[in-house]
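Down below is the structure, laid out as structure tokens.
Proteins get letters first, then strands, A, B, ... in listed order; numbering begins at 1 in each.
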Number of protein chains: 2
Amino acid sequence: MAKQNRPEQQQSQAPDALNCEVRLVDLNIVRKVQPEILPMPEAQRMAEFFGVLADPNRLRLLSALANQELCVCDLAAGLKMGDSAVSHQLRILRAMRLVKYRKEGRNVYYSLADGHVINLYREVVDHLQETGSSSMGVE
Amino acid sequence: MAKQNRPEQQQSQAPDALNCEVRLVDLNIVRKVQPEILPMPEAQRMAEFFGVLADPNRLRLLSALANQELCVCDLAAGLKMGDSAVSHQLRILRAMRLVKYRKEGRNVYYSLADGHVINLYREVVDHLQETGSSSMGVE
DNA sequence: TCTATATCTGAACAGATATTCAGATATTTA
DNA sequence: TAAATATCTGAATATCTGTTCAGATATAGA
């Protein structure tokens, strides 16, 4: 951790800094890098968002809604999931505003909220196709 | 679950289907939706990818690497994390091919693997800015 | 009103995940 | 060679997450 290797320019500047618990070279780099680092609150918000997409069943729900609105029980039937599980997942998607819904009688029809999800989807498909090993059957 | 409400066109087609455990209307919709649903293996792969981005410290690591390559101990110092934690997280980013690395002496310098991450980043920032409640200080 | 249906909700459990700790490996320097 | 440093790794622990289950709410139809 002491980072005494990697000789850099300003070691002559403050000789006593070498005895300090904070090392000189670290400080220079850290000072440069720190402001570029995503602050923790925003990082958490972003992580929370990605976390919503980090579940195969939620992704499948989104893909089912990509072309038409569907109610909970159709989604459950189509994905072969329990109604309750679908409802729980839809709530998470709703909280992140990835889907919107509309009530009609006792049915609730869900649909995608905007195009961001699709864009994300394609970007990830690109990445996985280029780097990954499997194929992703997406046009 | 029986979906006897929502009267649809083809109920006259097969009257005995009403006694079947699989309901008619469900079947029609499910048959239409099924092929559009992301298959489970690909959904899992994609979810795994998003899961890698679903951690605030990994996002912070990526943001630190967005402008320059950095070694493990500088990342640890900059993010105020333990060396071991950083190393563990970098391994995950490496496995998903989001970062690449280069050894130099006893240091290992990491950098972003390609531009997909940045694109994803911006897309999410857009989404969060439009729908979310907080501001994300990204240009 | 009563029944069936669609959806939602909270609790509980199993499985996944991030960090810490201790220690291993590799490289540089004395 | 020995000591110091940078990085990595596996085990252990605490936390988070997804599903199921039981039951609540709401709406449509008899």
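Per the geometry, CG belonging to A:D83 stands 14 Å off C1' belonging to D:dG23, to the nearest Å. For the pair B:I92 CD1 and D:dG10 C1', the interatomic distance rounds to 14 Å; values are reported in whole Å. Taking atom CE on B:M81 and atom C1' on C:dC21, their separation rounds to 15 Å, with Å as the unit. Between the OH atom of B:Y109 and the P atom of D:dT5 there is a distance of 16 Å, given to the nearest Å. In this structure, CD of A:Q44 is placed 14 Å from P of C:dA18, rounded to the nearest angstrom. Atom P of nucleotide C:dG15 and atom CG of A:D55 are separated by 16 Å, given to the nearest angstrom. The distance from atom CG of A:L70 to atom P of C:dT7 is 11 Å, rounded to the nearest whole Å. Rounded to an integer number of Å, the gap from B:L93 CG to D:dC8 P is 12 Å.
In terms of polar N and O atoms assigned as donor or acceptor, the side chain of A:S87 never comes within less than 3.5 Å of the base of C:dT9 in a complementary pairing. Judged by distance alone, with hydrogens and angles left aside, B:H88 brings a side-chain donor or acceptor within reach of the base of C:dT20, the pair sitting under 3.5 Å. Donor-acceptor pairing under 3.5 Å, judged by distance alone, is absent between the side chain of A:S84 and the base of D:dT19.
For A:N107, no side-chain nitrogen or oxygen approaches OP1 or OP2 of D:dT27 to under 4.0 Å. Listed pair A:R58 / D:dT17 fails the phosphate criterion, with no side-chain N or O lying under 4.0 Å from OP1 or OP2. Contact check, B:Q89 against C:dT17: no side-chain N or O comes under 4.0 Å of OP1 or OP2. Put simply, A:R106 has no side-chain N or O that comes within less than 4.0 Å of OP1 or OP2 on D:dG29. Not one side-chain nitrogen or oxygen of A:R91 sits closer than 4.0 Å to the OP1 or OP2 atom of C:dT7. Between D:dT19 and A:N57, a contact under 4.0 Å exists linking OP1 or OP2 to a side-chain N or O. OP1 or OP2 of D:dC8 has at least one side-chain nitrogen or oxygen of B:Y110 nearer than 4.0 Å.
When heavy atoms are screened at a 4.0 angstrom cut-off, A:Y101 is found touching no nucleic acid atom at all.
Scanning for salt bridge (Lys or Arg N to Asp or Glu O under 4.0 Å) contacts around B:R102 gives B:E69, B:E104, with sequence neighbours left out.
Under the salt bridge (Lys or Arg N to Asp or Glu O under 4.0 Å) criterion, no residue pair touches residues 111-121 of chain B, with sequence neighbours excluded.
No donor-acceptor pair closer than 3.5 Å links the side chain of A:R97 to the backbone N or O of A:A113.
Taking CG of B:L90 as the reference point, atom OH of B:Y101 lies at 11.0 Å (rounded to 0.5 Å).
One side chain, A:E123 or B:N119, offers a donor N or O that lies under 3.5 Å from an acceptor on the other.
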